[in-house]
Structure formats: C-alpha cells, structure tokens
Protein chains: 2
Amino acid sequence: MAERPIGDRRRIPEATVARLPLYYRALLETGEMGITTVSSERLAELAGVNAAKVRKDLSYLGSYGTRGVGYDAEYLLHQIARELGLSQDWPVVIVGAGNLGQALANYRGFGARGFRVVAVLDADPEKLGVEVAGLAVEAFTDLARIIESRKVTIGIIATPGHAAQEVADALVAAGVGSILNFAPTLITVPPEVSMRKVDLATELQILSFYQLRRALLDQPRAAR
Amino acid sequence: MAERPIGDRRRIPEATVARLPLYYRALLETGEMGITTVSSERLAELAGVNAAKVRKDLSYLGSYGTRGVGYDAEYLLHQIARELGLSQDWPVVIVGAGNLGQALANYRGFGARGFRVVAVLDADPEKLGVEVAGLAVEAFTDLARIIESRKVTIGIIATPGHAAQEVADALVAAGVGSILNFAPTLITVPPEVSMRKVDLATELQILSFYQLRRALLDQPRAAR
DNA sequence: CAGACTTTGTGAGTGCGTGCACAAGGTGGA
DNA sequence: TCCACCTTGTGCACGCACTCACAAAGTCTG
Ligand SMILES: NC(=O)c1ccc[n+]([C@@H]2O[C@H](COP(=O)([O-])OP(=O)(O)OC[C@H]3O[C@@H](n4cnc5c(N)ncnc54)[C@H](O)[C@@H]3O)[C@@H](O)[C@H]2O)c1
Ligand SMILES: NC(=O)c1ccc[n+]([C@@H]2O[C@H](COP(=O)([O-])OP(=O)(O)OC[C@H]3O[C@@H](n4cnc5c(N)ncnc54)[C@H](O)[C@@H]3O)[C@@H](O)[C@H]2O)c1
C-alpha cells in the first residue's frame, strides 16, 4: 500500500482527471457519515458513473483498494487530494468585479478546497476600493505586481468578452499558469498555460437543441 | 441548396452539437463586419478548432457550402440557429436568488439568443418580492403554476447543493424538459429530461491538477 | 471554352474512452 | 487449513470522435 510518487507514472487520461473531483466530493460526503470503506459500486452510484470506470480511474492512481473489501475512504480521499493538488494552497485572482465576478468572489465553495481568492481586480476606476467578499477591488494595472507578490497561479476572467484576450495576455505575462474563462469569447494562450472555459450561452444552446428535438418527435408537424 | 427538415436526418454527434454554438457566435461576429462568405478555414480559426472538423460538423446540417467559395455567412447562421432552436423563444426560470442566481438573472448574454428569464424563485420568505433584474422574486411553492402558465422549458438551479435534487424533481414534475445545474451535487433526472451541469469546483480542480504536474516537472524534488 | 485554382464534402485510418467480463487476490467462516 | 465469497484490477472489444488526404465540384481567368 505504498504511495506512488506523483508525476512519474503512467499518464492519467483527461477524462479520468475530470472525474476525480466527483469521487473526491462523493468521498467527502460519505466521510461525514462515518463510512470507512467504500466499494467501487457504491462510489459509482454516488458519482453517477459506471463502477468499472471508477475502478479503472482509481487504478491510474495506484492500487489503493483491497480486493473483497473495497477502498479505505479516508486513504483514498487523501490520495485523490494529493493527485489533484488539493493539499496545497492555490491563490486565485478574479479579474472583473461585475455581476459574475462578485458572485464568484462571494462563493463559499472556494475555500473548502485549497482555492483562495486573494484579489479582485477591475479596470473601472469607479469600482476601485469597493469591498467584495472582504477584499477591496484593486486596479487592473496592478495585476503583475499582485500576481507576483501573492504567488497567484490561477486567474479567473469575468470581464466582458472584448476584454478577455487582453486580460488573458496580462495574466500569462504575469506568470499565471491556469486560466478559467467565463467570458463568451475564444481566447488563446501559450501551450504551457492551461485554459478552461465556462460558457453559459453554449450550455443553454445545447439544451435547446435537444429540447427542440424532443418537441419535434412529439409533434413532427409543428415546426418545419 | 434546399433546407433539410430538422429531425429526420442522420444523427448529429454530441460533440458537434457542442461546437455549433461556437460557430454561431463566430458567424455573428463576422456578420457584424459585413463579411458575406466564410471558408471553413476562417471559421475554424475564429472558433479555435480544426478546419476539417468544421466541414464535417457543418456537413451534418446539410450541404450548405459552395466548393471553391465557402459558406454564405448569413445563410449558415440561419441554418445553425434553426438547428439549435435559436429562432424560437425559450422561457427560462432561475431557482435560487442568491449570489449566483442574481448574477445570472442580470446577465445580458441571455436575451441575445432566444433565452428569456421569466421568473426568479426562492424558498426564503425574506427574498420574496425583492427585485432582481426587473423581476420580483417569487415563491418556490409557485413553481408548478409559473412553469405551466409561462410555458417554461428550461430550468436553472442556483440553490445550495442540498436543495438541488428537490428543486430538480419539482422542475421535472412541473414539465420542464431541460435543466442547467450550478449546484455542486449529483442530481438525477428521468432520461427524457436533458441535464447539464456547470461545476466551478471541478473546473478549478482540473486546473490545479495540471498546474501541479507542471510544477513537478520544473522541480521534481519539491513535492514528493 | 479550357484549364488552373480554390474549397467543400467525405472515406479511411487512428486513438481515446467506455464497459464487459473475468482472473487475481484478499477475507472470513468452518 | 481449506473453501466459499466478495471486490478489485485489467485485458479486450467496441464505438465515437478527430484528422488526414483527396476526389468532387464549383469559380475565375485568359
Ligand atoms: N453574469 C452572469 O451570470 C454571467 C454568466 C455567464 C457568463 N458571463 C460572462 O462573464 C463576464 C462578466 O459578466 P458580468 O455580468 O459580471 O458583466 P459586468 O459588466 O457586470 O462586469 C464586467 C466587469 O469587468 C470590468 N472590466 C471591463 N474591462 C476590464 C478589463 N480590461 N480589466 C479588468 N476589468 C474589466 C468592468 O469594469 C466590469 O466591472 C461577461 O463576459 C459575461 O458574458 C456572465
Ligand atoms: N456564487 C458562485 O459564484 C457560485 C459559483 C459556482 C457554483 N455555485 C453554486 O450555486 C449555488 C448557489 O450559490 P450562491 O452563492 O448563489 O448561494 P446563496 O446561498 O447566495 O443562494 C442560494 C439561494 O437559494 C435559496 N434556496 C435554498 N433552498 C431553496 C429551495 N429549496 N428552493 C428555492 N430556493 C432555495 C436560498 O434562499 C438562497 O437565496 C450553490 O450550490 C453554489 O455551490 C455558486
């Protein structure tokens, strides 16, 4: 049951990485219920996936289960946290103190894992100094200084779309390695920077696609 | 160049459906610049994908391009809109008038396409009547009535996680066919209902995974 | 009108992710 | 100690999606 070192092991598929947070959350919840051992079957149910997938996913982390018994919940939790880097502290900046930026700054779910909002920035002078979630909004022009001095690794873009690329460039130039983009715009970053996007409009349009399909199946004559 | 009817045609892959909104947005932007014809190469650049993928994606909608020329931007826009159901009006309810719910309600990007927030609901009596984005917050207990009378087809869940399943059940029971869930919880819905989730914590954890990997590559001795 | 040129539409090969099914391995009871 | 039972870990087959590469089909020029 030795811990494998992180890094030098067979590559973890992207799809698996995306599911690890689900398992992590599920384990946290069972942990609160005093459960000590969990089977792949149970974990699958909690995470809403297939049991074989759970086992295969976890096997990428190492052999942390016991045949005939299952996985030790706490130990597995620890391993997943270690793999995802949740045992570390990740300082985050939010750029754009509008509707969304403020909501994000106030979001409690952040601190739970190691993510900590250390600054909220805005380019609008009117917003400067406004208090958001216990932080005073700072000037976008101070980005580089703030990122360096507070060792920020993750940047969240919550500005209008037309400013997103500019903000992304500034974040990258300042040394941020990961960007989460909420603006509905394509932004490009160098390959060594991770970028993910959350796109509300796209999500809704995907939903309406399938909604339309169903409507057409029910009454094929309604729309053309 | 006849329009194919929607519905009875070869199935559109899910991955393609997820990209159609990108093309749509890209076309909207070129449209503003007075461009009339667009090549798959150009569209690919705008959407940040591979040109062959663009052509294959668009070919699922029908043969709307002209060899040697490209695609008529306006016509293509129209076809994608039709396919995604954007030519229709989609009434939306937001359940949960907290930080996130209010930010979403205030989001302008909604109306642009056919999505229209017609109600914001909350279970907390304190929130009742509070004005959010020009709408008075209504009681969660009125959900069924509101959904039926306003022909709501899409529900957005912006409540705490512990209420999410209950809200989802209520939405489904009231006849909503599509759900977008922002709560960090697994919710289950019947197969005939579409459900998508936006999970901030997961996104950050995926980012920190890769961030950690890179940090380890740079200085393998730092963490174990 | 012919031929060069451009760009679409798609066949085919490849790789990744999924899920089945089962051997391997561990537990507990007799 | 042996055996019945349980659950993991994984080999394997399948399917979806991505990309390349090219024939088909249209435009433009001389
Ligand atoms: N509000 C939502 O629920 C929601 C949902 C999904 C996506 N979005 C997207 O998120 C982004 C923000 O939305 P919002 O509703 O908060 O908009 P908003 O207009 O309320 O806020 C944008 C903020 O960004 C600031 N800003 C503009 N340019 C900047 C720059 N160069 N550097 C730093 N700050 C700058 C503005 O001063 C403003 O405070 C938009 O791109 C929007 O499309 C919003
Ligand atoms: N704030 C963010 O930026 C953010 C980001 C990502 C995800 N989320 C998630 O979105 C959800 C909402 O976040 P928030 O920050 O707005 O929380 P919040 O506490 O500010 O708002 C939640 C609202 O839901 C209402 N509510 C509770 N139970 C309800 C029920 N059964 N029916 C109707 N309404 C009910 C509450 O009265 C409250 O007004 C949470 O699950 C959170 O994890 C929030």
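Below, chains carry the letters A, B, ... as their sequence lines are ordered, and counting in each starts from 1.
The pair B:R19-B:E14 fails the salt-bridge criterion, with no side-chain N (NZ, NE, NH1 or NH2) lying under 4.0 Å from an Asp/Glu carboxylate O.
If you check the side chains of A:S178 and A:R196, you find no donor sitting under 3.5 Å from an acceptor. A donor-acceptor pair shorter than 3.5 Å can be found between the side chains of A:R55 and A:S40. When only modelled atom types and interatomic distance are considered, A:T153 and B:Q211 share no side-chain donor-acceptor pair under 3.5 Å. Side chains of B:D57 and B:Y23: a donor on one and an acceptor on the other come within 3.5 Å. Side-chain contact of A:D169 with A:Q165: a donor-acceptor pair under 3.5 Å is present, judged by distance alone.
We find that CG of B:L61 is positioned 12 Å from P of C:dT10, with the value rounded to whole Å. Rounding to whole angstrom units, CD of residue B:E41 and P of C:dC5 are separated by 18 Å. Remark: P of D:dG9 and CD of A:Q79 are 12 Å apart, rounded to the nearest angstrom. Distance, A:Y71 OH to D:dC6 C1': 13 Å, rounded to whole Å. Between the CD1 atom of B:I12 and the P atom of D:dA17 there is a distance of 12 Å, given to the nearest Å. Between the C1' atom of D:dT8 and the OH atom of A:Y75 lies a distance of 16 Å, rounded to the nearest Å. One can place OH of A:Y64 at 11 Å from P of D:dG9, the figure rounded to the nearest angstrom.
Remark: B:E45 pairs with B:R42 by the salt bridge (Lys or Arg N to Asp or Glu O under 4.0 Å) rule, at least two apart or across chains.
Each of B:R55 and A:V49 was assigned the nucleotide of DNA chain C with the nearest heavy atom; the assignment lying further toward the 5' end belongs to B:R55.
Taking the six-membered ring for Trp and the full ring otherwise, A:Y64 and A:Y71 have centroids separated by 6.0 Å or more.
For CD of B:E41, the number of neighbouring non-hydrogen atoms (other residues, nucleotides, ligands) closer than 6.0 Å is 12 at most.
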List every contact pair, protein side and nucleotides 26-30 of chain C side both N or O, where the distance is under 3.5 Å.
none

Measure all distances between protein nitrogen or oxygen atoms and nitrogen or oxygen atoms of nucleotides 16-18 of chain C, and list the pairs falling under 3.5 Å.
{"unit_1": "C:dT18", "atom_1": "OP1", "unit_2": "A:R19", "atom_2": "NH1", "d": "2.9"}
{"unit_1": "C:dT18", "atom_1": "OP2", "unit_2": "A:R19", "atom_2": "NH1", "d": "3.3"}
{"unit_1": "C:dT18", "atom_1": "OP2", "unit_2": "A:R19", "atom_2": "NH2", "d": "2.9"}

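Proximity of B:S40 to the phosphate of C:dT8: a side-chain N or O atom is located under 4.0 Å from OP1 or OP2.
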